[in-house]
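Chain A is the first sequence line, chain B the second, and so forth, proteins listed ahead of strands; every chain is numbered from 1.
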4 protein chains.
Amino acid sequence: MGIIERKEREKEQRREEIISAAEKVFMEKGLPAATMDEIAELAELSKGTLYLYYKSKEDLYVAVTMRGGEILYKLMAEATSPQKPVLERIKGLGDAYFEFFQKHRQYFRMYRYMDNPQVHKQVSEEMLGACKAKDQRIWNLGVNLMQQAIDEGLIQSRVAPVEAIVMLWAISDAMMRQIDGNSDYWKQLNVDLESTLKRSYEFILEGMMTKKGKHKFQPLKTAEEIAS
Amino acid sequence: MGIIERKEREKEQRREEIISAAEKVFMEKGLPAATMDEIAELAELSKGTLYLYYKSKEDLYVAVTMRGGEILYKLMAEATSPQKPVLERIKGLGDAYFEFFQKHRQYFRMYRYMDNPQVHKQVSEEMLGACKAKDQRIWNLGVNLMQQAIDEGLIQSRVAPVEAIVMLWAISDAMMRQIDGNSDYWKQLNVDLESTLKRSYEFILEGMMTKKGKHKFQPLKTAEEIAS
Amino acid sequence: MGIIERKEREKEQRREEIISAAEKVFMEKGLPAATMDEIAELAELSKGTLYLYYKSKEDLYVAVTMRGGEILYKLMAEATSPQKPVLERIKGLGDAYFEFFQKHRQYFRMYRYMDNPQVHKQVSEEMLGACKAKDQRIWNLGVNLMQQAIDEGLIQSRVAPVEAIVMLWAISDAMMRQIDGNSDYWKQLNVDLESTLKRSYEFILEGMMTKKGKHKFQPLKTAEEIAS
Amino acid sequence: MGIIERKEREKEQRREEIISAAEKVFMEKGLPAATMDEIAELAELSKGTLYLYYKSKEDLYVAVTMRGGEILYKLMAEATSPQKPVLERIKGLGDAYFEFFQKHRQYFRMYRYMDNPQVHKQVSEEMLGACKAKDQRIWNLGVNLMQQAIDEGLIQSRVAPVEAIVMLWAISDAMMRQIDGNSDYWKQLNVDLESTLKRSYEFILEGMMTKKGKHKFQPLKTAEEIAS
DNA sequence: TATGAATGAGAGTTCATTCAT
DNA sequence: AATGAATGAACTCTCATTCAT
């Protein structure tokens, strides 16, 4: 019986090895320019073996991005863990996303490439399903948090939690894209997009708070500003 | 002399014909799946001729997106033309972007695909330069408008005009991407992203206004709300 | 001892199971398109096990055709069994072949594909030998019958029995191939190949008969014609 | 204008060069084992160029067999040309087929492989159409000849010309297949299939003749037998 | 005996790009 | 300026077969 388990473990490990090799190649070249040959060579496996574990190049690509998704999830779950006051945790959600953006830029880019509908079509149903499930978990973190903040009377009850999260996510995501893709342009305009991003996030968050919320959140912010 | 000019004109026309053909193919298939063969056939030209006018498939792709950029520019320029009060015009900027999104979805998607750094690498310097110049003109419309609003005391002077515009753009852009790509997902969550987008835009805009600005803008909004 | 026999029996059974699975796949897809994977899955065995019983895909293919050969042999042996007059039995040989063609079309086709020298090269010596042995048994049925007819003075003695059988077989086989492969073509020409085949067969057979043979065979034929 | 014609000619020539190279490879290896790489190398062209002229390996295969068909047609047309009496020409048709079989064995085999329905599926409609057209021309030669013989009262009028030709073709084709594929087997049985074939052909032909026909044909045959 | 993971050679096909005309 | 034939590298993916367990 131990044998079966060991085999299972080895197989899982092999899958990870493949993903690791694919990760390097995809990050360096992007999906279209990456070749299965290169990935196979890096993984020290035959090309055929790759196809034993993943149905297509696109599926493998998605598998890699899911690793990024897992990282993002963990960062956000951590930021969300209930040690801190809820508003601070919502703030932390944005920070976690930014940390993901900064520390795992390549994963961020892979995600970004993948939200192209043209790419979706090449991915197997299973993979797409697994991917969406992971995404959902991430969204849920935020939505639950926001619901809690509403329940505690810190966020206006007229705000739907999902929409609130979408707004926060939207402002973050779009700006990160700009930071990533057009930083030269903005630098030459003397615009510090990073701080703009942070301020926008707080700005929107504050706008959704109740008086009670603003009261509780204020000190936090000031403390942080002192620190910076 | 007239001959040279005529030739010049003909050449320009040929470039447009090529773009028109490419446009159809790219919009239908996307960059990776489109082939120069298909474009050439549609343009009723030989493949070789395509390369006489554009250096590469990617360059041609960018040329097409620039046509979309021109459309967006015109829509925004119109919304920005000085018949209306400045705040209304800023509001109109968002509406223009949304109109572009709705009426020229394919162009929106091409833009979206193109802001991928991986794609940039394949594009010639000149093309990329021309593209950025066109982008800049669009940004400038907004920045100038915002500056004017600040000068008129309608937007808080502590807000940098560029940053203000970036925020507005960011929220719009990210949400449109969601509407375009994940509408099924949001529908099933009963989230109306379109109205969320509109409200976010106004929400951010209002947050940046002075008291004077809010005072002036209020009636507008109410009028609109009555209409809706 | 009993153990060894049981094992032997089980092994034989396993071989049959494999052939049954292979049969389905080969008949559906043909030799080139069939894959060992599919056969293994259908047989609920691992691919490796297949190779324990058969040396190659081609060997397995031949093994399946031999099953068809067995069917053909049985049909012919039945038609040949000595209840009826010998000439009728020779006639019955052709009918048996046609029955095989009609009721076991897939086997007929596999045979047809296999008489390609290119295919032979991929088959192991043993398999080819076994196959030829089975073929021989079939030929012998006819040859013996023909010999008997000659001995009985029904077929001209100047006719070599083997050659007589070859002629009858040849006309049948070639026409069945046409019926199978080009029936559309012949239908549009208003040619009923099936009856042409039957008439040709009798035509040749009669041509080889002695007067005595013709005399004896005539009533048969007439009876048949009345029935039809 | 000469330019266009020359180009056309060159293109046709290139098609022929490709067929010549393909011919060698296909004849040596058979369709499944042949590779486009090898053909391209032999043709001293790039693989891509091959696909400029032929849609697929299978199409190319058919193109080669059509060359064989042309040879067969010419042989038969020659044998059929109206210098000789019509019955002799019908006899000559069989000889022409046998000559094709003997002198162009490889083409015979390619034909033989191609009448496999599985192969048909991979061939383009155009190619298949062209192929059938060529086939038809060959059949027509025989059918017309047979009609003429009927008109001249040499062949029984109750025989449909198409069916008559089918019978003659069938006996020839099936025996040639045996000669080609199983000659060892027959040799060891001391059967001379070649002469069996010839006799069968005449046997069937004679069977269809009128008295007048037999009368005219007899001397011919005897003359031939004397010669042999 | 049975497994099934791994292989690896190589297949057919595509297509952006070039260049002689 | 325009052609379009030719290129050739590279692509993804397949599958019969092997072999350690």
Gap between atoms [atom1] and [atom2], on [X] and [N] respectively (whole Å):
X: B:L60; N: E:dT17; atom1: CG; atom2: C1'; value: 14 Å
X: C:Y54; N: F:dT17; atom1: OH; atom2: P; value: 15 Å
X: C:I18; N: E:dA2; atom1: CD1; atom2: C1'; value: 11 Å
X: C:Y61; N: F:dA16; atom1: OH; atom2: P; value: 14 Å
X: B:Q13; N: F:dA1; atom1: CD; atom2: P; value: 16 Å
X: C:E10; N: E:dT1; atom1: CD; atom2: P; value: 12 Å
X: D:E17; N: F:dA6; atom1: CD; atom2: P; value: 9 Å
X: C:E38; N: F:dT14; atom1: CD; atom2: P; value: 13 Å

(request) Please confirm whether the backbone N or O of C:G30 pairs with a side-chain atom of C:R109, one donor and one acceptor, at under 3.5 Å? (result) no
(message) Closer than 3.5 angstrom, by distance alone: can the side chain of B:D59 be matched with the main-chain N or O of B:S124 as a donor-acceptor pair?
(response) yes
Indicate, with a heavy-atom threshold strictly under 4.0 Å, whether [X] touches base, sugar-phosphate, or nothing.
X: A:D37; answer: base
X: B:T35; answer: sugar-phosphate
X: D:A34; answer: sugar-phosphate

(request) Quick one: sort the C:Y61 and C:Y113 rings into parallel, tilted or perpendicular, breaks at 30° and 60°. (result) perpendicular
(request) Return one dot-bracket line describing DNA chain E 5' to 3' (Watson-Crick or G-U wobble pairs, both distances under 3.5 Å; ( ) same strand, [ ] crossing, | another strand, . none). (result) .||||||||||||||||||||
(request) For A:K57 and for B:L45, locate the closest nucleotide of DNA chain F by heavy-atom distance; then report the residue assigned to the nucleotide nearer the 5' terminus. (result) B:L45
(message) Let me spell it out: for each of B:Y53 and D:T49, pick the nucleotide of DNA chain F with the closest heavy atom. Which residue's pick is nearer the 5' end?
(response) B:Y53
(request) Report yes if a donor N or O on one partner sits less than 3.5 Å from an acceptor N or O on the other, where the partners are the side chain of B:K47 and the base of E:dT17; otherwise report no. (result) yes
(message) Is A:S46 close enough to E:dT7 that one of its side-chain N or O atoms is under 4.0 Å from OP1 or OP2 there?
(response) yes
Would you call [X] and [Y] a side-chain contact if the rule is heavy atoms closer than 4.5 Å?
X: C:E12; Y: C:E16; answer: yes
X: C:I39; Y: C:F26; answer: yes
X: B:M114; Y: B:V123; answer: no

(request) Could you say whether C:R14 or A:L50 is positioned toward the 5' end of DNA chain E, judged by the nucleotide with the nearest heavy atom to each? (result) C:R14
(message) Taking the nucleotide of DNA chain E with the nearest heavy atom to each, does D:Y51 or B:G48 sit closer to the 5' end?
(response) D:Y51
(message) Please identify which of these residues, C:K29, C:K24, C:K47, meets the side chain to side chain donor-acceptor pair (under 3.5 Å) condition with C:E38.
(response) C:K29
